[in-house]
2 protein chains.
Amino acid sequence: MEGSTPRGRTRIQKEKREVILEAALEVFSTNGFRGSTIDQIAEAAGMSKPNLLYYFRRKEDIHETLMHRLLDTWLAPLKELDNIGDPMTELRSYIRRKLEMARDFPRESRLFANEILQGAPRIMPMLEGELKELVDEKVEVIRGWMRNGKVARTDPWHLIFAIWATTQHYADFDVQVRAVLGPDRGGDGRFEDAARFLEQLFLEGLKPKAG
Amino acid sequence: MEGSTPRGRTRIQKEKREVILEAALEVFSTNGFRGSTIDQIAEAAGMSKPNLLYYFRRKEDIHETLMHRLLDTWLAPLKELDNIGDPMTELRSYIRRKLEMARDFPRESRLFANEILQGAPRIMPMLEGELKELVDEKVEVIRGWMRNGKVARTDPWHLIFAIWATTQHYADFDVQVRAVLGPDRGGDGRFEDAARFLEQLFLEGLKPKAG
DNA sequence: CAATTTTTTGACCGATTGGACAAACGTTAG
DNA sequence: CTAACGTTTGTCCAATCGGTCAAAAAATTG
């Protein structure tokens with residue numbers, strides 16, 4: 001047709017775009033946006049640089065596509081936090097889901113962390129819009145639990161921050177965690193240890209007081 | 001003398017090196033190592049690029065100097081965690097000190113986070129050596145408290161990770177925290193709110209059980 | 001087969017990068 | 001004054017960067 005970026009029309013275009021995005025996730029998450037080069041991504045994707053640029057016209061387009069996809073996956077666990085079940089069980093499930101994401105999608109976590117660390121220049125609107133609205137909504141849910149005496153009264157915003165921080169820590173600071181734990185304790189079991197600890201910390205720390 | 005980097009001999013050299021390090025901290029912490037240019041640092045330091053290179057021969061030398069200094073400051077709070085006072089009071093003080101560092105030295109925190117995120121290529125030996133030894137030592141202190149029934153029995157390593165994660169979160173993810181809290185709650189008071197929440201979470205979560 | 005469209009690549013470009021270097025500048029000591 | 005030393009800068013360079021382009025190679029269509 002014309003010279004613009006192919007709009008995922010043919011099957012081969014969809015496939016190649018996926019290969020590129022997978023390679024870019026690997027490269028971006030370990031080097032950051034400015035620290036990554038198109039050549040690196042192209043090599044990781046098994047194609048030449050001009051060929052990659054045939055599917056994504058600019059380096060930033062790859063990053064943007066990656067970020068948009070990421071946010072959906074990223075917010076899913078919080079969206080599931082619902083008013084349906086027992087509050088403490090809901091919180092435990094949320095913590096567990098977040099920790100599983102840190103374990104299974106560490107690159108996505110690091111990509112996100114990289115972006116936030118540098119001031120979120122590309123996703124600030126999304127933070128102030130979509131993310132804030134979702135958090136506000138869930139804060140109200142948690143507040144309801146606190147009013148009903150199901151959860152200890154405390155600051156719901158900072159509770160959410162604490163859950164984010166502690167779980168994502170195992171993806172973003174993975175090398176530090178492993179270095180400190182050492183070869184013995186730093187193996188695959190560290191996520192189960194973390195899950196046990198975090199469950200105890202949050203469930204005991206948020207147990208409602210009598211009165 | 002000769003052409004090598006001046007060894008902080010004269011007073012003016014010491015001063016200029018400080019100016020450069022201060023400027024580099026600002027630039028590195030917001031752009032990462034590869035994302036920062038010598039020109040940026042030179043401009044922030046108010047001098048020309050060749051002049052900056054007269055005091056630090058390579059870009060990496062600046063980063064390395066910064067990192068070495070950083071670690072001393074960074075580990076100080078944990079070193080203070082001591083067996084002297086009441087265990088719960090000691091833990092509360094540690095959390096408070098770490099949160100104060102996140103508030104007062106966010107650039108240092110972000111510089112460190114940047115390095116870890118990218119796999120800690122420049123400070124890995126320090127993580128496996130100095131840091132691991134310090135943590136191992138403090139883990140023993142905490143274990144003693146648990147044996148004496150002063151602190152709930154749990155995993156001391158992950159307790160330390162949780163304190164690191166929750167406090168540094170307010171420096172590293174500052175823009176996200178502020179975006180989510182919004183203009184009303186995102187002001188200067190957020191650190192006091194965070195302090196109150198974290199104190200409650202950790203102190204309740206670690207309160208020893210009878211028996 | 002030929003014609004057309006999509007995909008791939010080698011060669012290239014301007015801008016930016018980290019860094020080198022000699023010359024100029026400033027300061028101080030004799 | 002001059003000589004010596006420490007400091008500063010303009011200029012330059014090779015490497016790397018993101019990105020273009022024309023043309024070759026495949027694939028598709030008639």
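Chain naming here is simple, since letters A, B, ... match the order of the sequence lines and numbering starts at 1 in each. All figures in this text were calculated on a predicted structure; none of them were measured in a lab.
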Visitor: What's the CG-P distance between B:Asp39 and C:dA15, to the nearest Å?
Guide: 16 Å
Visitor: Say whether, by atom type as modelled, one donor and one acceptor occur between the side chain of A:Glu90 and the main chain of A:Leu81 under 3.5 angstrom.
Guide: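 No; judged by distance alone, with no hydrogens or angles, the pair does not exist.
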Visitor: If only side-chain N and O atoms of B:Gln13 are considered, is one of them under 4.0 Å from the OP1 or OP2 phosphate oxygen of D:dG6?
Guide: no
Visitor: From the set D:dG18, C:dG19, C:dG18, return the single nucleotide nearest to any side-chain atom of B:Thr37.
Guide: C:dG18
Visitor: Base, sugar-phosphate or nothing for A:Lys16? Non-hydrogen atoms, less than 4.0 Å.
Guide: sugar-phosphate
Visitor: Is the side chain of A:Lys98 donor-acceptor paired with the backbone N or O of A:Thr166 at a distance under 3.5 Å, no angle test?
Guide: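 It does not hold such a pair.
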Visitor: Does a side-chain N-to-carboxylate-O contact under 4.0 Å join B:Glu137 and B:Lys79?
Guide: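 No, B:Glu137 and B:Lys79 are not salt-bridged.
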Visitor: Whole Å only: how far is the CD atom of A:Glu15 from the P atom of D:dA27?
Guide: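 Distance check: A:Glu15 CD to D:dA27 P gives 13 Å.
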Visitor: Does A:Asp72 CG have over 12 foreign heavy atoms under 6.0 Å away?
Guide: yes
Visitor: Mind calculating the distance between NZ (B:Lys14) and P (D:dG6) to the nearest angstrom?
Guide: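 Going from B:Lys14 (NZ) to D:dG6 (P), I get 16 Å.
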Visitor: To the nearest angstrom, how far is A:His63 atom NE2 from D:dG19 atom C1'?
Guide: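 Roughly 19 Å, once rounded to whole Å.
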Visitor: Provide, to the nearest angstrom, the distance between the CZ atom belonging to B:Arg17 and the P atom belonging to D:dT8.
Guide: 14 Å
Visitor: Just the rounded figure in Å: distance from P of C:dT8 to CD of A:Glu43.
Guide: 17 Å
Visitor: Can you tell me the distance, in whole Å, between the NZ atom of A:Lys59 and the C1' atom of D:dT20?
Guide: 17 Å
Visitor: A:Tyr54 side chain N/O closer than 4.0 Å to the phosphate oxygens (OP1, OP2) of C:dT7?
Guide: yes
Visitor: I want to confirm an ordering. Mapping A:Pro50 and A:Arg34 to their closest nucleotides on DNA chain D, which one lands closer to the 5' end?
Guide: A:Arg34
Visitor: For a quick test of reading the model: is some side-chain N or O of A:Tyr55 closer than 4.0 Å to OP1 or OP2 of C:dT8?
Guide: yes
Visitor: Whole angstrom is fine here: how far is it from CG in A:Asn51 over to C1' in D:dA23?
Guide: 15 Å
Visitor: Considering only heavy atoms and no angle criterion, is a donor-acceptor pair shorter than 3.5 Å present between the side chain of A:Lys49 and the base of D:dG19?
Guide: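 Pair found.
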Visitor: Can A:Glu199 and A:Arg196 be counted as an ion pair, charged N to O under 4.0 angstrom?
Guide: no
